[in-house]
Visitor: 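My questions will all concern the structure given below.
Ligands are counted one by one from 1 in listed order, and the atoms in each one are counted from 1 as well.
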Amino acid sequence: MTTLSTLNKFKKDGTKFTCLTCYDSMFARMMDKAQIDTILIGDSLGMVVQGHDSTLPVTVDDMAYHTANIARSNKHALILADLPFMSYVTLPEAVTNSRRLMQAGAHVIKVEGGSELCELVTTLAQAGTPTCVHLGLTPQLVNVFGGYKIQGRGDEAADKLLADAKAVVAAGAALLVLECVPAELAKVVTEAVAVPVIGIGAGADTDGQVLVMHDMLGMVHGRVPRFVHDFLTDERNTERSIEGAFTLYQQSVREGSFPTEQHQFS
Ligand code: KIV
């Protein structure tokens, strides 16, 4: 079973690790067989499962339901669950909602933001709840960003992102996710912090990689993001099976053949 200690050891040894989003039991079982290291019950379920245009309509009830489905069906992965939009505005709300997700089977709670989350991160850490802080393109802020845009470009934005990463780690964050930031900046952040960093559209130098499961199985509604690779139809997945796609993703990340330059931003 993968734990935070496993991921910390991976970072120390330079072993790249995998994360996939997952929302239901059968896929969670397949990910168990493929030995995917970590699973994220992402609020992306609002888009890929529920058909919304953003992650904003997702509720804590939704997250608890899907987290419980995964926890019953996968014993290998470290399980991360998202606190959804506006469910952690105040500390008491954050504590109550984190407890729901931890009791549903999460091992780590993921929140989106920067240094403004420090007090929350410390409070949860002291209460026995590890946090993963998601930086860069944070989809819950889509209305603030005015769309899904690359973040951290330019010196000022890059310095802020690095400062945010250092601040939340000093406050007690156990993991970071970096989404859609220039690969060079992701490398700097990954080397600057002691905790494992998981990237999506952040280049090959983060400690781990995450993809939305539907994307890496070629089920994309609209434009395919640059950082996505379809592992289902990849010719190395000779059986063209879903389990084969998960195994190929696991192997590709471990050996460093995914992601490549074509999947990253500058
Ligand atoms: O909700 C989600 O799927 C995520 C990943 C894109 C990292 O936050």
Side-chain angles (χ1 to χ4, degrees), residues 7 17-24 27-28 31 36-60 62-67 69-70 77-88 97 101 106 108-114 117 131-142 145 147-152 161 165 168 173-181 186 189-190 196-203 206-217 219-229 249 253 258-259 263-265:
L7 300 190
F17 64 88
T18 50
C19 181
L20 282 177
T21 67
C22 192
Y23 320 97
D24 76 25
F27 288 117
M31 288 185 195
I36 298 299
D37 299 305
T38 67
I39 284 181
L40 169 66
I41 298 93
D43 57 1
S44 51
L45 72 85
M47 296 160 99
V48 297
V49 177
Q50 298 174 335
H52 297 295
D53 288 337
S54 76
T55 61
L56 273 52
V58 177
T59 65
V60 176
D62 295 333
M63 294 307 304
Y65 170 79
H66 288 279
T67 300
N69 291 343
I70 304 307
L78 183 78
I79 297 176
L80 281 58
D82 266 331
L83 274 183
F85 181 62
M86 296 280 276
S87 68
Y88 49 104
N97 293 329
L101 300 189
V108 177
I109 297 299
K110 182 161 85 58
V111 284
E112 297 185 7
L117 294 172
T131 54
C132 171
V133 176
H134 184 155
L135 301 136
L137 171 48
T138 46
Q140 291 174 14
L141 289 187
V142 60
F145 294 150
Y148 298 98
K149 298 176 182 165
I150 313 303
Q151 300 296 310
L161 196 141
V168 294
L175 294 172
L176 300 182
V177 163
L178 286 184
E179 177 166 355
C180 290
V181 299
V189 173
T190 303
V197 177
I198 308 174
I200 174 165
T206 54
D207 304 301
Q209 295 292 329
V210 57
L211 285 177
V212 171
M213 181 194 77
H214 292 68
D215 289 350
M216 58 84 73
L217 293 176
M219 291 185 277
V220 180
H221 177 64
R223 194 176 56 84
V224 181
R226 180 188 174 103
F227 52 81
V228 168
H229 177 73
Y249 171 66
V253 171
F258 177 82
H263 302 111
Q264 70 188 36
F265 302 101

Visitor: What are the two closest heavy atoms between Tyr23 and Asn69, and how far apart are they?
Guide: O-ND2, 3.8 Å
Visitor: What residue and atom, counting heavy atoms only, is the protein's closest point to atom 3 (O) of ligand 1, and at what distance?
Guide: Ser44 OG, 2.5 Å
Visitor: Counting from 1, what ligand 1 atoms have a heavy atom of His134 closer than 4.0 Å?
Guide: 7 (C), 8 (O)
Visitor: Please give me the minimum heavy-atom distance between Leu217 and Phe27, naming the atom from each residue.
Guide: CD1-CE2, 4.3 Å
Visitor: If the test is side chain to side chain contact (heavy atoms under 4.5 Å, CB included), which one of Asp62, Leu101, Ile70 qualifies with Ile41?
Guide: Ile70
Visitor: For ligand 1, which atoms, with element, lie under 4.0 Å from some heavy atom of Glu179?
Guide: 6 (C)
Visitor: Could you report the tightest heavy-atom contact between Gly113 and Val133, atom names first, then the distance?
Guide: O-CG1, 3.6 Å
Visitor: Go through ligand 1 atom by atom and flag the ones less than 4.0 Å from a non-hydrogen atom of Gly42.
Guide: 1 (O), 2 (C), 3 (O)
Visitor: Nearest protein heavy-atom contact for atom 7 (C) of ligand 1: which residue, which atom, what distance?
Guide: Leu40 CD2, 3.7 Å
Visitor: Which heavy-atom pair separates Leu178 from Ala202 by the least distance, and what is that distance?
Guide: O-CB, 3.7 Å
Visitor: Give the contacting part of Thr55 toward ligand 1: side chain, backbone, both or neither, where contact means a heavy-atom distance below 4.0 Å.
Guide: neither
Visitor: Determine whether the side chain, the backbone, both or neither of Asp43 has a heavy atom under 4.0 Å from any heavy atom of ligand 1.
Guide: both
Visitor: Using distance alone, decide if ligand 1 has a nitrogen or oxygen within less than 3.5 Å of any nitrogen or oxygen in Lys110.
Guide: yes
Visitor: Mind checking whether Thr21 has an N or O less than 3.5 Å away from an N or O of ligand 1?
Guide: no
Visitor: How close do Gln151 and Phe145 get, counting heavy atoms only, and between which atoms?
Guide: OE1-CE2, 3.6 Å
Visitor: Please name the pair of heavy atoms, one in Leu56 and one in Pro139, separated by the smallest distance, quoted to 0.1 Å.
Guide: CD1-O, 4.1 Å
